[in-house]
2 protein chains.
Amino acid sequence: MNQSLRIVLIEDDDIIRMGYQSLLNEVEDFNVVNSYASYDLARKHLEADQPDVILLDIQMPGTNGLQALPIIKKALPNTNIIILTVFDSPELVFEALTMGAGGYLTKNSSAAKIIDAVREVSTGGGAMSTNVARIVMHSFQKNLNSPLTKRETEILDRIANGQTKSQIASDLFIDQETVRSHVKNIYIKLDVNSKADAIKTAKEKRFI
Amino acid sequence: MNQSLRIVLIEDDDIIRMGYQSLLNEVEDFNVVNSYASYDLARKHLEADQPDVILLDIQMPGTNGLQALPIIKKALPNTNIIILTVFDSPELVFEALTMGAGGYLTKNSSAAKIIDAVREVSTGGGAMSTNVARIVMHSFQKNLNSPLTKRETEILDRIANGQTKSQIASDLFIDQETVRSHVKNIYIKLDVNSKADAIKTAKEKRFI
DNA sequence: AATGCTATCCCCCAGAAAGGGGGATATTTT
DNA sequence: AAAATATCCCCCTTTCTGGGGGATAGCATT
């Protein structure tokens, strides 16, 4: 027999919550076991609900969705959580993803996308709407017009990982003085004069 | 009038290439201006083709897709490139995204997904198939069971960004000795005895 | 052929930082 | 009440940093 997917909604807008509830309950193997207007209201029931997937709004009274996220994840490690919100600022997206969200959908997502997303995250997958994908992908892109050479980039990367010049030298089979020369050139190119500033500038400009 | 989207395919398998070509040409405002069996063959024509979007395979004779990616991006900065491949290892995905890919689709993607993706990246957006989204999202997730306290995490994060103990101390309005105490505890918890190892271990275990 | 860029190595120096010890104390959390 | 956390203090030596001054060989582009 095919076990149905247990879903919980946490969303403060009554109309929207009910809308999602009926939408998801129409799907054959979906079962919205409960829905709540806030995390604070949901908290003591979640364990009993045993949800496979939670659709979680960010903005709500009391504990907000991002605050609730890690708490839920710890209490129910096998539950996959989809953030469903109107907000799509990079800060919120990254915060949600680092805190363990399995999906991030904005509320303009179509019914089909939401249903797909629930199914996808239930198997441990990832789901995001296109505007979120845009943010995430841009966060990966390096600056292809870095003034730093390959060697300099290599060395700055190692510095950013905490290696000292002597460690770098022995790893790269070159002299410490060579590393020092490269670092000097890096500092000139980035117009900085300390490790911290070099890392900061290089990260900001996406050279590393 | 509505300008049509100029598309170029670079894919070594003749059958697949032709399949995508007819698929995409069926879309009203899509125009596959050219298709090539390799980047080396495409190279001297790309500027004239003026593609808005390129669908790029990774595996092909000569210069492969990932090597070609930054070259194309530099020559045609306004062209958005979608990687279309059978491979979906994290290494390849991250490499492609850092090199400026606007999308990463695996070849099991449906026709509709591919069409959507082309449209999405043409406006500077991001597109990825669900298995790629899974990889990308997992790369963000922090370990929620870090042994480090908030303060320790804060400090280790700053160390990883190249700050010295004295800089951290003044930023956090605490004494250098306090920072030192935290660092000592961090080292004990992570079972390391140097900055580099602490950063390395913490990153591996996703504590920062 | 010449220029420039890159990667490699060498020396001086003073001051800063790191890491290993040994503690103490107050607040918070459990 | 006990444990964890955050704060601060002292000792010490070794290492690292950043600023200054170079040199040389290879490679690419012009």
Side-chain angles (χ1 to χ4, degrees), chain A residues 43-44 63 67 70-71 74-75 143-202 207-208, chain B residues 43 63 67 70-71 74-75 143-203 207-208:
Chain A
R43 197 174 54 211
K44 37 197 154 296
T63 312
Q67 294 165 330
I71 304 173
K74 280 196 174 181
N143 188 332
L144 296 175
N145 296 307
S146 170
L148 304 180
T149 67
K150 245 188 187 166
R151 201 55 154 175
E152 287 163 355
T153 304
E154 164 81 26
I155 287 172
L156 185 51
D157 198 73
R158 286 170 181 273
I159 289 175
N161 281 305
Q163 288 195 283
T164 63
K165 300 194 202 332
S166 57
Q167 288 176 315
I168 295 170
S170 78
D171 276 12
L172 299 183
F173 304 106
I174 54 179
D175 196 279
Q176 259 191 74
E177 283 301 324
T178 305
V179 179
R180 234 169 85 70
S181 282
H182 286 305
V183 172
K184 284 178 186 175
N185 288 327
I186 291 169
Y187 284 9
I188 290 168
K189 286 180 178 178
L190 300 186
D191 190 27
V192 297
N193 52 9
S194 76
K195 208 193 298 185
D197 285 344
I199 295 172
K200 188 161 166 276
T201 300
F207 297 153
I208 57 169
Chain B
R43 195 174 53 211
T63 313
Q67 293 165 331
I71 305 174
K74 279 196 174 178
N143 187 332
L144 296 175
N145 296 307
S146 170
L148 303 180
T149 67
K150 245 188 186 162
R151 201 55 153 175
E152 287 162 356
T153 304
E154 164 81 27
I155 287 172
L156 185 51
D157 199 74
R158 286 170 181 273
I159 289 175
N161 281 306
Q163 289 196 282
T164 63
K165 300 195 203 326
S166 58
Q167 287 176 315
I168 295 170
S170 78
D171 276 13
L172 299 182
F173 305 106
I174 56 178
D175 195 279
Q176 260 192 71
E177 283 300 323
T178 304
V179 179
R180 232 169 84 70
S181 281
H182 286 305
V183 172
K184 285 178 187 175
N185 288 326
I186 291 169
Y187 285 9
I188 291 169
K189 286 180 178 179
L190 300 188
D191 190 27
V192 297
N193 51 12
S194 77
K195 210 193 297 184
D197 285 343
I199 295 172
K200 189 161 165 277
T201 300
K203 283 189 176 173
F207 296 153
I208 57 170

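Given the structure is predicted, the values throughout are model-derived calculations rather than measurements. The chains referred to below are lettered A, B, ... by the order of the sequence lines, with proteins before strands, and numbering in each begins at 1.
- Between the Ser170(A) side chain and the Gln167(A) main chain, a donor and an acceptor come within less than 3.5 Å of each other.
- Looking at the side chain of Thr149(B), the nearest of the listed nucleotides dC9(C), dA6(D), dA7(C) is dA6(D).
- Taking CG of Leu156(A) as the reference point, atom NZ of Lys189(A) lies at 11.5 Å (rounded to 0.5 Å).
- Within residues 152-169 of chain A, the residues that have a heavy atom under 4.0 Å from DNA chain D are, in order of number, Thr164(A), Lys165(A), Ser166(A).
- Between the side chain of Arg180(A) and the base of dG20(D), a donor-acceptor pair under 3.5 Å is found.
- The side chain of Glu177(A) has dC10(C) as its nearest neighbour among dT7(D), dC10(C), dA7(C).
- In this entry the distance linking CG of Asn185(A) with P of dA7(C) reads 9 Å, nearest Å.
- Residue Ile208(A) holds its CD1 atom at 9.5 Å from CD1 of Ile186(A), rounded to the nearest 0.5 Å.
- Between the two ends of the helix from dA1(C)-dT30(D) to dT30(C)-dA1(D), each summarised by a five-pair axis, the helix axis turns through 80° (rounded to 10 degrees).
- One distance of note links CG of Asn185(B) with CG of Leu148(B); it measures 10.0 Å at 0.5 Å rounding.
- Here CD1 of Ile168(B) is found 10.5 Å from NE2 of His182(B). Values are rounded to the nearest 0.5 Å.
- In this structure, of dG19(C), dT5(D), dT7(D), it is dT5(D) that holds the atom nearest to the side chain of Lys189(B).
- When the salt bridge (charged side-chain N to carboxylate O under 4.0 Å, His left out) test is applied to Asp171(B), the partners found at least two apart in sequence or on another chain are Arg158(B).
- Rounded to whole Å, the distance from CD1 on Ile186(B) to P on dG19(C) is 11 Å.
- You'll find that the side chain of Asp175(A) is closest to dC9(C), out of dT5(D), dC9(C), dG18(D).
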Give every pair of a protein N or O atom and an N or O atom of nucleotides 28-30 of chain C that lie under 3.5 Å apart, one pair per line with the distance.
none

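- Atom-to-atom, CD1 of Ile174(B) to C1' of dT27(C) comes out at 15 Å; the value is rounded to the nearest Å.
- The salt bridge (charged side-chain N to carboxylate O under 4.0 Å, His left out) check on Asp197(B) picks up nothing, with sequence neighbours excluded.
- Ion pairing between a basic and an acidic side chain is recognised when a charged N comes within 4.0 Å of a carboxylate O; Glu177(A) and Arg180(A) show such pairing.
- Along DNA chain D, the nucleotide nearest to Phe173(B) and the one nearest to Tyr187(A) differ in position, and the one closer to the 5' end is contacted by Phe173(B).
- Rounded to an integer number of Å, the gap from CG of Leu172(B) to P of dT7(D) is 8 Å.
- In this structure, Leu148(A) places its CG atom 15 Å from P of dC5(C), rounding to the nearest Å.
- Within 4.0 Å of Asn193(B), counting heavy atoms only, lie sugar-phosphate atoms of the nucleic acid but no base atom.
- Side-chain to base pairing of Gln176(B) with dC8(D): no donor and acceptor N or O lie closer than 3.5 Å to each other.
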Between the protein and nucleotides 22-30 of chain D, which nitrogen or oxygen pairs come in under 3.5 angstrom?
none

